[in-house]
Amino acid sequence: MQIATWNVNSLGVRLPHVLAWLQANPVDALCLQETKLTDDKFPAAAFAELGYHSVFIGQKTYNGVAILSRSPAEDVIAGLPGFDDEQKRVLTATIDGVRLVCAYFPNGQALDSDKYPYKLAWCDAMLRHAGEQLAAHPRFALLGDYNIAPEDRDVHDPAAWEGQVLVSPPERERFRALLGLGLADAYRLFDQPERSFSWWDYRQLGFQKNRGLRIDHILMSPALRDSCTACTIDRAERKKPQPSDHAPVVATLA
DNA sequence: ATGGCCACATCTTGTGGA
């Protein structure tokens, strides 16, 4: 089984990329973030033609998440229970007996922005949700754009980023709290190239110079970790014409 | 030189992203 996550930065623009990627990478489940489409505009038929079911919650312009899967999604939950939020950022569903959370963590914008305390409170609500889901479902994974680079090695230039959103100590504390539930960062289960990132700025030849951040993650429960045989970032996708600024992350389960 | 790109909305300029 393969599970994957990809922030597509507008599914309206990136639909051809996603369809081509699925044909080349027929994963069992793909979590999408930043679809930026209201539900009436979600291209479910195009995915169905490739043999994928879809569940989705979207809004105009911002946010929006979806889970595409070869088997139908079961027991779907939209949003974070107990956390009132207009923003469409979370879907939870069971695919082939694996409980998946597809999450688009808030960006936070800046440490002095109102969006920063929202991000921290959102992370706290996610910690509760992940803990509850993990307790109920031993085969559990949390996939998505976390908007957190967990360690300095996940940042192209840690000195330049110090004090910025995405790397601040309170955000990294939230990431470590998720690990504290017993979840493993699938990418770090394996030897990986140095300077591995999942997002690169569109500006300043960010990708060509590999000036990026690793902010897209797959965290998995002990039961899944034990069967995980690989986790990779598909950098090649970022080289294509009109790419998303994020690359897909894929985990393989035996 | 503190911005460079991209997507989106409302328009040809502003916001948000990361």
Side-chain angles (χ1 to χ4, degrees), chain A residues 5-18 31-43 56-66 85-90 102-120 122-123 126 143-175 187 195-218 233-235 237-249:
Chain A
T5 180
W6 191 6
N7 179 325
V8 293
N9 184 19
S10 171
L11 185 55
V13 173
R14 228 68 64 193
L15 179 61
H17 301 68
V18 178
C31 296
L32 300 177
Q33 301 88 38
E34 283 208 86
T35 57
K36 301 187 183 181
L37 293 177
T38 50
D39 293 348
D40 58 304
K41 294 190 167 62
F42 192 87
F56 43 87
I57 49 166
Q59 63 188 87
K60 199 162 76 169
T61 311
Y62 303 114
N63 308 315
V65 288
D85 195 357
E86 296 296 305
Q87 302 186 29
K88 308 302 188 193
R89 295 181 174 277
V90 188
C102 171
Y104 176 46
F105 285 52
N107 171 282
Q109 196 169 58
L111 270 58
D112 61 359
S113 163
D114 290 346
K115 294 172 184 172
Y116 183 71
Y118 163 74
K119 178 177 191 174
L120 298 182
W122 191 99
C123 288
M126 176 55 82
L143 307 87
D145 174 0
Y146 286 57
N147 271 316
I148 300 172
E151 299 178 38
D152 278 354
R153 63 176 166 163
D154 302 312
V155 180
H156 67 87
D157 184 347
W161 277 86
E162 190 169 357
Q164 304 291 317
V165 76
L166 311 193
V167 305
S168 74
E171 292 166 77
R172 287 178 164 176
E173 270 175 38
R174 266 65 179 187
F175 187 89
Y187 193 71
R195 302 177 60 76
S196 286
F197 309 122
S198 67
W199 168 88
W200 300 262
D201 201 307
Y202 284 123
R203 296 167 291 188
Q204 291 182 280
L205 301 173
F207 180 71
Q208 290 84 340
K209 295 178 177 175
N210 197 29
R211 297 175 61 83
L213 303 173
R214 193 176 71 93
I215 54 178
D216 300 272
H217 308 295
I218 300 176
I233 298 171
D234 186 0
R235 287 176 45 95
E237 188 61 34
R238 185 65 171 75
K239 299 175 185 170
K240 293 189 172 176
Q242 202 177 14
S244 169
D245 42 0
H246 296 252
V249 183

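Letters go in sequence order (proteins before strands), and every chain restarts at 1. What you see is a predicted model; the values in this text were computed from it and never measured.
- Proximity of a side-chain donor or acceptor of A:N210 to a complementary backbone N or O of A:F207 within less than 3.5 Å is not detected.
- Across the P atoms, B:dT2 and B:dG17 are found 23 Å apart, a figure rounded to whole Å.
- Looking at residues two or more places apart in sequence or on another chain, you find a side-chain contact (heavy atoms from CB on, under 4.5 Å) between A:S168 and A:L111, A:Y116, A:P170, A:E171.
- When heavy atoms are screened at a 4.0 angstrom cut-off, A:R214 is found touching no nucleic acid atom at all.
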Side chain to side chain donor-acceptor pair (under 3.5 Å) between A:Q33 and A:D145: does it pass, once the steps are laid out?
-> CA-CA 7 Å; A:Q33 301 88 38; A:D145 174 0; over 6 Å; no

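- Using a 4.0 Å heavy-atom distance criterion, A:N7 is classed as a sugar-phosphate-only contact.
- Each of A:R203 and A:P106 was matched to the nucleotide of DNA chain B holding its nearest heavy atom; the match closer to the 5' end belongs to A:R203.
- Between A:T61 and A:Y202, it is A:Y202 whose nearest contact on DNA chain B lies nearer the 5' terminus.
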Show the atom names and distances, to 0.1 Å, of all donor-acceptor pairs under 3.5 Å that link a side chain in residues 158-165 of chain A to residues at least two apart or in another chain.
unit_1, atom_1, unit_2, atom_2, d
A:W161, NE1, A:H156, NE2, 3.1

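- Residues from residues 145-159 of chain A with heavy atoms under 4.0 angstrom of DNA chain B, sorted by number: A:D145, A:N147.
- Here, B:dG4 and B:dT10 have their P atoms 23 Å apart, quoted to the whole Å.
- Here the range on DNA chain B touched by chain A, meaning any atom under 4.0 Å from one of its heavy atoms, is B:dG4 to B:dA18.
- Across all strands shown, A:K119 has no heavy atoms under 4.0 Å from either base or sugar-phosphate atoms.
- A gap of 14 Å separates the P atoms of B:dT15 and B:dC11, to the nearest Å.
- Between A:R195 and A:D157, none of the side-chain N atoms (NZ, or NE/NH1/NH2) sits under 4.0 Å from a carboxylate O, so this pair counts as no salt bridge.
- Residues satisfying the side-chain contact (heavy atoms from CB on, under 4.5 Å) criterion with A:A103, sequence neighbours excluded, are A:V101, A:F105, A:W122, A:M126, A:L142.
- Evaluation of the salt bridge (Lys or Arg N to Asp or Glu O under 4.0 Å) rule for A:D216 yields no partner, not counting sequence neighbours.
- Residue A:Q164 is out of contact with every strand shown, counting any heavy-atom pair closer than 4.0 Å.
- Nucleotides B:dT12 and B:dA1, compared at atom C1', are 25 Å apart to the nearest Å.
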